*Asks:* 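To start, I am sharing the structure in question, which I have written as structure tokens.
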Amino acid sequence: MDFLMRPVLAGLCHMESLDNGALDLEAFALMNDALDAKAENENRARAVREASHG
């Protein structure tokens with residue numbers, strides 16, 4: 001269920017897309033991959049900031 005709800009909670013799609021079938025599982029996989037990449041980039045940027053200030 002997290003796989004489907006994560007993009008909804010992140011604002012990448014609406015809950016209605018789950019109900020009406022507007023998006024398929026591939027679309028949800030792509031959105032989850034994008035969210036993973038965003039989180040990884042944010043973590044790396046945070047680590048660089050912390051290393052340069054500490």
Side-chain angles (χ1 to χ4, degrees):
M1 187 58 89
D2 290 343
F3 177 80
L4 297 174
M5 290 305 299
R6 187 174 176 221
V8 173
L9 294 173
L12 296 177
C13 64
H14 295 283
M15 187 68 182
E16 292 84 12
S17 299
L18 291 171
D19 294 334
N20 67 16
L23 298 172
D24 60 11
L25 289 178
E26 183 179 0
F28 282 92
L30 288 171
M31 287 185 280
N32 275 287
D33 287 347
L35 290 169
D36 290 342
K38 179 182 177 197
E40 179 64 25
N41 288 338
E42 290 171 350
N43 288 336
R44 289 180 183 194
R46 185 179 318 109
V48 168
R49 283 192 306 272
E50 290 173 359
S52 67
H53 289 93

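Being a predicted model, the structure only gives us computed values, none of them experimental.
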*Asks:* Just to verify, what does N43 make a side chain to side chain donor-acceptor pair (under 3.5 Å) with, not counting sequence neighbours?
*Replies:*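 For N43, the residues satisfying side chain to side chain donor-acceptor pair (under 3.5 Å) (neighbours in sequence not counted) are R46.
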*Asks:* Please name all residues satisfying side-chain contact (heavy atoms from CB on, under 4.5 Å) with A10, sequence neighbours left out, ordered by chain then number.
*Replies:*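 With sequence neighbours excluded, A10 shows a side-chain contact (heavy atoms from CB on, under 4.5 Å) to L12, L35, given in chain and number order.
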*Asks:* Name all residues meeting the side-chain contact (heavy atoms from CB on, under 4.5 Å) criterion together with L4; count only those two or more places apart in sequence or in a different chain, and write none if there are none.
*Replies:*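 L4 satisfies side-chain contact (heavy atoms from CB on, under 4.5 Å) with L18, L25, F28 only.
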*Asks:* Which pairs pass side-chain hydrogen bond (donor to acceptor under 3.5 Å, both in side chains) with one or both residues in residues 1-28, sequence neighbours excluded?
*Replies:*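 Sorted pair list: R6-N32, R6-D36.
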